[in-house]
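As structure tokens, the structure follows; a few thoughts come after it.
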Amino acid sequence: MHDIRTIRENPAAFDAALSRRGLVSMSAQLLAIDEARRARILAAETAQAAQNAASKEAGGAKSRGDEAEFQRLRAFVAEKKDDIARLTAEAEAQDAALKTALEVIPNLPLDQVPDGADEAGNVEIRRWGHPRNFDFTPKEHFEIASIAAQMDFTRAAKLSGSRFVVLQGAVVRLHRALGQFMLDTHVNDHELQETWTPVLVKSETMYGTGNLPKFAEDSYQTTNGWWLVPTAEVPLTNLVAGEIRDEADLPIRMTAHTQCFRSEAGSAGKDTSGMLRQHQFEKVEMVTICTPDTALAEHDRMTACAEAILQKLGIPYRTIVLCTGDMGFGSQKTHDIEAWLPGQNKFREISSVSTCGQFQARRMNARFRPTAGGKPEFVATLNGSGLAVGRCLIAVLENGQQADGSVDLPAVLHPYLGGKTRISATGALV
RNA sequence: GGAGAGGUGGCGGAGUGGUCGAUCGCGCCGGUCUCGAAAACCGGAGUGGGUGCAAGCCCACCGUGGGUUCGAAUCCCACCCUCUCCGCCA
């Protein structure tokens, strides 16, 4: 959510930033609503002040025993009442109109974000590791001989439809190991605070992170109104909603391992094979709540936390900074980390790390009290995957596959696998 | 699901119709005292909005939304949430 005062102070800058996102200028219409809104507020409050004064006088008249004056004031107030009701309703309508207009406008990119209309404008900022040289044609994860039988899309479809999977045997054990490894690494090495949250949340929680009202079709809702979280970013970030924290308590760096649910509306036909894009998947998420001036440093820190997981797993990746046209709704700046998938011969997104500045905080009314004194200010919020567990499973399988259909597993996972080091050609953990 | 209790400022806790935005205590900030600290004493301090160059002034906020009244933290209604007990249950 944007601050109308900022727009009022510099409408040209606002429109210029919108145009970098490929959007038309909006400041003029927003300011027109704002002007009407403020005029109504002034009128309503002026009328209210008059009524308050009369009521106070009425009390005085009554206690003096001046019945005539009391009756006169009483009639005056009664007469004013309709005016006030009308003016207040108008003021509220204008206020709501402004909010409705503002809440669907995406966050503005930072100056340092590269311009671009779509993913073609993204800029690679670094690359780590070297894709293996295969002396055979590497397969996609679901085609690997030892894996196929333990990654059952057919029966999942029987239970639930497309974009679901049933995992068994060595594959599910590896999947579980990955989630635990990520969580342990973030808690032990990166000092993130492990958190367990609900995955069913209220509408206002979804609103706080910007998933509502604009993106309702991307998520699932229960019959009694709860939303299934599309990412743990939603519950983690909203932990500070409506609160005022002390600056000394910041930054708050959290991580959580949760199920995520996405309708994948609009991605029909995309990534239909394998478990790259599922309606239900696991993700280890990171969320940081900090002061606005530290947000960029925290953004780099969080990116490094995500990259560290891939480095420990020995999976080659590249990190890109998304251009203005490819960023998500709430983001000011986003790093995507893309893991190398030999089966696809491509880098594919495995993490997205964003700083939202004060955009979400304004929606959530999440603030901090500055140590130096002064008024509470909105916090900055950041979120990033660290990492998507299912996609990481794919990366580990495809990068570790051998000609005979077996898979060598990264050393850091061995302790999580009871000391086992690979999946044999027959699909056993050995 | 049933019964009961309760939701007030950072926290605790008063306040049952008229300068109550709200007594008080703790905590917090500034000062006096002290070599320094503690204690004591003095003073300050809510959030949002509108208006103004500013000082300031005005409006709203005592879970939420309505209602009664000239006037509501206080009365009435609905809803939400929390806690306790019972039932059921992973």
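In what follows, chains carry the letters A, B, and so on, assigned in the order in which the sequence lines appear, proteins first and then strands, with residues in each chain numbered from 1. Predicted model, so just to flag it, every value in this text is computed and none were measured. For the numbers below, each heavy atom of this structure counts, side chains included, while hydrogens, waters and symmetry mates do not.
Look at CD1 on A/Ile84: it is 12 Å from C1' on B/C70, rounded to the nearest Å. Rounded to an integer number of Å, the gap from A/Asn365 CG to B/G48 C1' is 9 Å. If you take CD of A/Gln94 and P of B/G49, they are 18 Å apart, rounded to a whole angstrom. With rounding to whole Å, A/Arg369 atom CZ is found 14 Å from B/A45 atom P. One atom, CG of A/Leu87, and another, P of B/G50, lie 17 Å apart when rounded to the nearest Å. Rounded to whole Å, atom P of B/G49 lies 8 Å from atom CG of A/Asp3. The distance from atom NZ of A/Lys56 to atom P of B/U19 is 8 Å, rounded to the nearest whole Å. Protein atom CD of A/Glu92 is 17 Å distant from nucleotide atom P of B/C59, rounded to whole Å.
B/C77 and B/G21: their P atoms are spaced 26 Å apart (whole Å). Nucleotides B/A72 and B/G18 have their C1' atoms positioned 10 Å apart, rounded to a whole Å. Going from the C1' atom of B/C29 to that of B/C81 covers 34 Å, rounded to whole Å. Nucleotides B/C89 and B/A73 have their P atoms positioned 47 Å apart, rounded to a whole Å. If you take atom C1' in B/A14 and the same atom in B/U23, they sit 7 Å apart, rounded to whole Å. A gap of 14 Å separates the P atoms of B/A3 and B/A78, to the nearest Å. The separation of B/G9 from B/C62, taken at their C1' atoms, amounts to 9 Å, rounded to a whole angstrom. Using C1' as the reference atom, B/C41 and B/C33 are 9 Å apart when rounded to the nearest Å.
Ion pair A/Arg8/A/Asp3 not flagged as a salt bridge, since none of the NZ, NE, NH1 or NH2 atoms sits closer than 4.0 Å to an Asp/Glu carboxylate oxygen. The pair A/Asp34-A/Arg38 counts as a salt bridge, with a side-chain nitrogen and a carboxylate oxygen less than 4.0 angstrom apart. The existence of a salt bridge linking A/Glu243 and A/Arg367 is excluded, since no basic side-chain nitrogen approaches an acidic carboxylate oxygen closer than 4.0 Å.
Across all strands shown, A/Phe70 has heavy atoms under 4.0 Å from base atoms, whether or not it also approaches the sugar-phosphate. Heavy atoms of A/Arg72 sit nowhere under 4.0 angstrom from any nucleic acid atom. At the heavy-atom level, A/Arg245 lies nowhere under 4.0 Å from the strands shown. Residue contacts shown for A/Lys375 are limited to sugar-phosphate atoms, with no base heavy atom under 4.0 Å away. Within the 4.0 angstrom heavy-atom criterion, no nucleotide atom of any strand lies near A/Leu73. Among the protein residues, A/Asn52 comes within range of the sugar-phosphate backbone only, with heavy atoms under 4.0 Å from sugar or phosphate atoms but none that close to a base.
Base pairing analysis places B/U34 opposite nothing; no Watson-Crick or G-U wobble pair with both distances below 3.5 Å involves it. The partner of B/U51 is B/G56, by the rule that a Watson-Crick or G-U pair needs both atom distances under 3.5 Å. In this entry B/C88 has no Watson-Crick or G-U wobble partner, no candidate having both defining distances under 3.5 Å. Remark: B/C61 base-pairs with B/G46. Criterion, Watson-Crick or G-U wobble with two distances under 3.5 Å. With a cut-off of 3.5 Å on both Watson-Crick or G-U wobble distances, the partner of B/G27 is given as none. Judged by Watson-Crick or G-U wobble contacts below 3.5 Å, the nucleotide B/G6 has B/C81 as its partner.
Classified by interplanar angle (parallel below 30°, tilted 30° to 60°, perpendicular above 60°), the ring pair A/His2/A/Phe14 is perpendicular.
Close to B/G50, at under 4.0 Å from its OP1 or OP2, lies a side-chain N or O of A/Arg8. Proximity of A/Lys81 to the phosphate of B/G71: a side-chain N or O atom is located under 4.0 Å from OP1 or OP2. Listed pair A/Gln51 / B/G71 meets the phosphate criterion, a side-chain N or O lying under 4.0 Å from OP1 or OP2. The side chain of A/Arg40 contributes no N or O atom lying less than 4.0 Å from OP1 or OP2 of B/G50. The side chain of A/Arg5 places an N or O atom within less than 4.0 Å of a non-bridging phosphate oxygen (OP1 or OP2) of B/G49. In this model, the phosphate group of B/G49 is not approached by any side-chain N or O of A/Arg38 to a distance below 4.0 Å at OP1 or OP2.
Each of A/Asp34 and A/Arg74 lies near RNA chain B, and the nucleotide nearest A/Asp34 is the one positioned closer to the 5' end.
No donor-acceptor distance shorter than 3.5 angstrom exists from the side chain of A/Asp408 to the backbone of A/Arg422, with no hydrogens or angles considered. Using a distance-only test at 3.5 Å, with no hydrogens or angles considered, a donor-acceptor pair links the side chain of A/His279 to the main chain of A/Arg262.
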Throw together a table of side-chain donor-acceptor distances under 3.5 angstrom for residues 78-94 of chain A, partners on residues two or more places apart or in other chains.
unit_1: A/Thr88; atom_1: OG1; unit_2: A/Ile84; atom_2: O; d: 2.7
unit_1: A/Glu90; atom_1: OE1; unit_2: A/Arg40; atom_2: NE; d: 3.1

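Judged purely by distance below 3.5 Å, without hydrogens or angles, the side chains of A/Gln360 and A/Thr209 never pair a donor atom with an acceptor atom.
On a pure distance criterion of 3.5 Å, a polar donor-acceptor pair joins the side chain of A/Glu45 and the base of B/G49.
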